[in-house]
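To start, the structure under review is shown below, and the notes come after it.
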Amino acid sequence: MQVNDNKEFQPLIVAFCCNWCSYAGADLSGTNRLNYPTNVKIIRVPCSCRVNPMFILRAFQRGADGVILCGCHPGDCHYTSGNYFTRRRMTLLFSMLDFLGIERDRTRVEWVSAAEGAKFAATMNEFTEAVRKLGPNRRLEDLRCRKQ
Amino acid sequence: MQRIGVFVCHCGTNIAATVDVKTVAEALGHEPGVVISQDYQYMCSESGQNLVKNAIKEHNLTGVVVCSCSPRMHENTFRKAAAAAGLNSYMVEIANIREQCSWIHKDIATATEKAIILGKAAVAKVHLNAPLTAGESPVAKRALVIGGGIAGIQTALDIAEAGFDVDIVEKNPTIGGKMAQIDKTFPTLDCAACILTPKMVEASQNEHITIHSFSEVTDVKGFVGNFTVTIKKKARFVDETKCTGCGLCTEKCPMKKVPNEFNMGLDNRSAIYIPFAQAVPKVATIDPNYCMMMKTGKCGVCSKVCSAGAIDYKQQDKFIEQKYGAIVVATGFNPINLDKYDEFAYNQCPDVVTSLELERLMNAAGPNGGTLLRPSDKTHPHKIVFVQCVGSRCDDSKGKPYCSKICCMYTAKHAMLIREKYPDTEVYVFYIDVRTPGKNFDEFYRRAVEQYNVHYIKGMVGKVTPRSDGKIDVQASDLLANEQLHIDADMVVLAAAIEPDKTARPLATMLTTQMDTNDFFTEAHPKLRPVESATAGIFLSGACQGPKDIPETVAQASAAAAKAIGLLVKNSITCNPCVAHSNELMCNGCSSCEKVCPYGAITYIDKEFRMPDRTTAVRRVANVNPAVCQGCGACTVACPSGAMDLNGFSNSQIMAEVDAICK
Amino acid sequence: MQEAMINRAKQLLADGSVDRVIGWKRGEFVYDITPAVFTSAEELDADFVYDDFTAANVSKYLVKESKKEGKILAFLKPCDTYSFNQLIKEHRIVRENIYVIGIPGGPKLDAERIKANGITGILGAKNDNGTLIIDTVYGEEKMPYYEALSVKCLNCKSKKHVVYDELIGEDGDILDSNRFDMVEKLENMTAQERYDFWREQLSKCIRCNACRNVCPACTCEKCVFDNPDSGVENKAATDSFEENMFHIIRAFHVAGRCTDCGECSRVCPQNIPLHLLNRKFIKDINSLYGDYQAGEDTTSRAPLNDYKQDDCEASIVHERGVE
Amino acid sequence: MNNDTLIPYIGVVTDIRQDTPDVKTFRVVSPEGGKVFEHMPGQCAMLSIPGVGEAMFSITSSPTNKEFMEFSIKKCGCLTTWLHAMDVGQQITIRGPYGNAFPVETDLKGKDLLFIAGGIGLAPLRSVINYVRDNRANYGDVQVIYGSRSMDDLVDYKEIIDEWMADAGIQVNLTIDNPQEGWDGHVGFVPNYVKELNPSTSKTVLVCGPPIMIKFTLAGLKELGFTETQVYTTMELRMKCGVGKCGRCNIGNKYVCKDGPVFRFDQLGELPDEY
Amino acid sequence: MLKISLDKLGKLFEAISASQTLYIPTDREDGAAEYKKYESGMKLSNNLNTLRSAKDFFFPQTENLVDFKMEGKNIEVIDVREESEDFVIFGVRACDARSFTILDKVFLADPVDSYYKNRRDHGTVVTMACTRPAETCFCGTFGIDAAAPEGDAACYSDGESLFIEAHNEKGQKFIDSVASLLEEGDAAKLDEVREKTRDILKKLPLANLTTDNFGGDKLNEYFNSDKWGELSQSCLGCGTCTFVCPTCQCYDIKDFNTGHGIKRFRCWDSCMYSDFTKMAHGNPRLTQLERFRQRFMHKLVYFPANNNGEFGCVGCGRCLSKCPISMNIVKVMKALEVK
């Protein structure tokens, strides 16, 4: 359930979803009326491999508190191999962010198929909660962008 | 700066019940560049679309944002509407405020707030949209089928049937492939040759089909609709056009000790040969490794006896280049090499044979004229042991991890045929599982067990030892009875795993198609696009894609043909305009993008540039073929300089969306 | 060594095998050596230097130099040959125009490390059995030789030349280096400690771009950070975020391509241990995707341009090490 | 604290005129009405849309116009594209005036003047021409030679026809590069036209246009007997601060934004060849 | 002259920092010195000079100039300037002290840069005479006496005490504010120390470097020298020299969209960068040769031409030790000199 208590910290979650699986999965969770928090804002990309690490850093710079990347399950990529590249890229990027002391739970990769509306909603609920626990992103924000 | 129109859909109450659409339209109306912002009951309805069209004309809009249901629903609807109003259809963006907002949220205030943000992101993106035009590329009206087995033949026939020219490239002197070697087919036990050879003849006589036998593909250039293929016609030292296939040369050839490939080396052929009686083309071929004339310069018998004057000892390999619109891969399979299987004594004992060898031993055109005799002493075997899964479902490096699929059924067939013809022969089949999913398959298997009393034993054969008395000691375990068995067999038949033909791997590289770790071609989608490769214009037919029996092969062959025809009927193909493109001024030529492209859409060209200091320099730069690129964007991230970008999902567009969402 | 190099270079110039020589030119002091192109025996005799302070990797210059007319002789240390190979692999240099002579490498001395010991007025330095004896304006000073070594030489990964047309001196071996020790030490800190460590280090950054401009992997025609159209252009570390951003993205862009030559840390005027970022990627790649040494060959697929179907999931990051 | 020159004023765009396919002229006033600041002919101002960019443009209106300033801007980059897309009523930021001016009150006073312009190069000269027209008594003969690629590319064509050509006090010679339907005037490149017209060497010349045109015009003028001290031009270089501090427009010991943009050719000759 | 015992320096710093912000050079973990805001217990560095120059105090690497808010067609200009607080920079070396004079000539020239002036007005520069110059020092070349630095007030150490003298009103005010800690001392020993320092300065490797050949009069001659190609060939085009240089003052002005407004900021820029002079339709300094030449021409020729022969270099030696490829102004001067 979504809580709209103003006192509670409302994290901003940016979700990159691949067009073929995860975006469809998100649509399905909508069709099935499966709730997840309004904190999650989805950006559609053709394939998870389109997501440049710069986009993720950009989101953090601009005030996102968590970034999640969703794509087809390994082996199911519409473009056959895109998500395999995504997996390596993101593993290394997240590892680097971790190395720099950025909280690990602010980033995640999840494979969500077009049939997994329930998984999509559950993932978003879970991820939002995890980020909420961490509190506002302070280690990778740009002070100039902080909302007054 | 764009002039943007925003259209917020109520979707009846689907959106309007949870999202305050008026507030959304009002808020988005204040975004920079937005000149009109409206809401409407059903934006996708005709009157809704007219609203959009009229606004485009009236306000001279350069961009449109529709806040509605998922773009997967109506993106196309609004793109068409925009195009009808004279706006480039790629200047339309959808903000998904139904599936990803109104339907999942309950609180109007927060849902409205989110809908506004999603709308702002779409507006931010549209600001950076550029009109895109789908390119077109012509289609060469000719197909190439690589492989002349039943898969290739069926595909070629179907394509020819539709009226398109099609070439078959077969590496062997004749088409026919594995099916030509098979005696009977399961589960009907009809004669393989009887159903195959008419198809071979049909192929050879079809005016649309050209058969390049004894030929190989050596180079493939180009892309969907426009492949240029180089085919090597290997020298067969016989002029195909002159040879009548009378066979006199093969009779007179003094060199008769050449292992006969067609009969799996179980008998011999001459140095000049026609693989089998129904070969297509029925043309002789000289094997230069054995021909006396070729080796010593002394002989020339065939040349003397050939009344057609077809023999040409000086013939050279010939290369032909041809343009094709579509390519079908039908390179088939082979049983794996069993040299490593010492435990089955395959290399030590001639009476341990593979199933394909057994086919030849039982075939009327085979080495024994159809009588099943032991290769060693030409006696009737009375006890035959079949070993299943030799190299299939195997964890170690000797074998294959997959199930070869056809072995269970052909072994049942063999067992049944032997029991039918030689009822005094005892037949044992050692299996891990018996897999019989298929029409009439399980019935067939049960007949072998119940009607023909074949001894099916669940268990593994541990060791096969040829004995000095000519018998073969088969040590095995019966897992159900939980006991060790020793069988004194006369023959052992190994159901060797099948693997893709060795020529497939280099071919895949030429075609820039994907293969799995077992060298089977990877289909574009395992469920929805099973006969297409991920590379546009390349289709897959038969066992090159995975183990298959004959009916499956033929079904896939026809499916591949249908897909190829679907491509060939088009005069040109419309390309998806949302493709990658490289900024040549920034490209380093490092090849990173090429490495991650699943479609081989990126090539490198050396291009001359005017440098800022007015000199010229030749630089290696990436070039994306828009007809081949599918727009995944893998290259855009692999490119460190950011030279590679994706139309419709550009770096700046996605970052603008991020910015808008995080604002 | 220097003598042998000059002689061989003169020979090759004289017999027309090469037209130019890229090497190093002596400076005002013992340590301020500048990479330079020589075209004549006279120039070589006058200025060519190769000694304990000659640390610069000249392979990147070949991107430009090899595209000029004529052939150039390049003297490459073992570590430089890895960069060279990587550049070949990425089609950045024209191999035919280069004649490579492999020369023995370090360890090299770093004047900054000597100065960090409070020694100033340096006029000369020599190694005496593990003690560096430094001649200064203020008299003779001593310090442990080891402490004066360039950071990039402390964890040398290889003394083997992976490419050369000829060698002067003997080829060495790939070493079993402890280069990941510091990375590991950081990995074992808490996230807060790591954050503090890097904040202190990266906040020193003055965005001079020396690390990028010296890096043999950073040969982009136009760097994203210089390109106003890239959306991430930044010229100054205006905010701590941009300090992070620049170094993360730079390290990511060279991940799987960085040969660990150590030039970034060598040239950093603020002594930021930038090589640790690259090494972190190298260490991760080795442990997650199998050992890979960029520049070892010219044909293998870079780890980020490759995949295996059973690669680990990104969640591995969440599961290992110290939170 | 005093106002700093780096902090801009607000200007409101009150009129946008499409002069040629890629040149628009923008009229700018202060939000309270009237000009944002005073200037002299040849001076420049920094216009900006915050977040998009800031660039230096010469002020094309004459200082004698007391109501507004005008800028003729060619679409060529990010900011100019934005400016071309905007509607009337848009606010922009403006700071200046920057640079020197044509010496209309000193060296040019009392002189016969010859203006030579090519394409958008008319923009800075238009300010001087109108200034001279409004102070006609202070100057001798006035001749304008102006050329462009085509009829459509002649900036301010309407003003040229309606006002300048109707003004008995000045002589206007127009030319276009290639023949065109509906054009019965001169056809040919500006430098050649100048030679053809063979103006008197007593004139002081103000020239502005693309670098290649300036180069050939100067050569032509020299052939006709003009000396470099008689010819003025105005330069364009990348500028940021506008006050000679940021270092960008430095040529030799001059800063174009502060010591220029107007230079006499003999002064330019002393500078290193880096512009 | 007033003095304070060296072991009481801490007390002096405490006293200064009680009334205003104090910056002193202090040693970093890596052995380099940098200016830090004084906090209790902080030790004055023994290093000759700081890694970064002291120009940051008056001309920081980045600073916000003005903010904008955009709303529809309207723009709001927000002046973000604030009066600087008073501060003291302690321990500035003679070279850096001179760099302020050079920066003043740029930023305080009409029109005055209010951002710079604001900090300049509020900052007191307390210099420290050098006693152990390094091999890279060549301040003498530009007429700077390392043993007698400029600044609002100057300090000299004789090994036991620190002597302080004011050079102007601001310096005097500073001394007055800490007068209670100071005592009158005998500066006799100072001359000895100073002479010793000057002796060392004379023996430095670069002691004989002169500017006799340089200046504004031979502008084109230097500009067209054929040495530039060779000198610039290994230049990486990075900004290290520029950014560690106490006198380099080129800057860029850029806008940053924060999502809720535009921040216009300026940041250091470098004439060594390829895009420094790049315009939509070309670049007057196309190759690194031109950019390299610009930097040195500016310091050795253009600047003196506009400033009565004063050079744009103070001989601090930072670029000598920091250039990644060890190319620097000394090598340039020597190469051009030969001609």
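Numbers restart at 1 for each chain; the letters A, B, ... are given by sequence-line order, proteins then strands.
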Please state whether the side chain, the backbone, both or neither of [X] comes within less than 4.5 Å of a heavy atom of chain B.
X: A:Phe16; value: side chain
X: A:Phe55; value: both
X: A:Ala24; value: both
X: A:Arg44; value: both

(request) Quick one: sort the B:Phe520 and B:Tyr402 rings into parallel, tilted or perpendicular, breaks at 30° and 60°. (result)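 Because their plane-to-plane angle is over 60°, the rings of B:Phe520 and B:Tyr402 count as perpendicular.
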(request) Using a strict 4.0 Å threshold on nitrogen-to-oxygen distance, state whether B:Arg79 and B:Glu75 make a salt bridge. (result)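 Yes, this pair counts.
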(request) Let me know if B:Ala638 has heavy atoms under 4.5 Å from chain A in its side chain, its backbone, both or neither. (result)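 Both backbone and side chain of B:Ala638 come within 4.5 Å of chain A.
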(request) Sort B:Asn651 into side chain, backbone, both or neither according to what part of it lies under 4.5 angstrom from a heavy atom of chain A. (result)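 Both backbone and side chain of B:Asn651 come within 4.5 Å of chain A.
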(request) Against chain B, work out which of A:Val67, A:Leu28, A:Leu34 has the most heavy-atom pairs shorter than 4.5 Å and name it. (result)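 Max contact count across the listed options: A:Leu34.
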(request) Identify which of A:Thr86, A:Val14, A:Asn19 forms the greatest number of heavy-atom pairs closer than 4.5 Å to chain B. (result)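 It is A:Asn19.
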(message) Please confirm whether the ring centroid of B:Phe223 lies under 6.0 Å from the ring centroid of B:Tyr599.
(response)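 Distance test on ring centres: not under 6.0 Å, no.
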(request) Report yes or no: does B:Lys114 contribute a side-chain atom to a donor-acceptor pair with the main-chain N or O of A:Val40 at less than 3.5 Å? (result)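 Confirmed, B:Lys114 side chain pairs with A:Val40 backbone.
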(request) Check whether any side-chain N or O of B:Ser582 sits under 3.5 Å from a backbone N or O of B:Ala622 as a donor-acceptor pair, and report yes or no. (result)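 Yes, B:Ser582 side chain to B:Ala622 backbone: donor-acceptor pair under 3.5 Å.
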(message) Does B:Lys125 qualify as a cation-pi partner of B:Phe649, given the criterion of NZ or CZ under 6.0 Å from the six-membered ring centre and within 45 degrees of its axis?
(response)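 Judged by the rule, B:Lys125 and B:Phe649 form a cation-pi pair.
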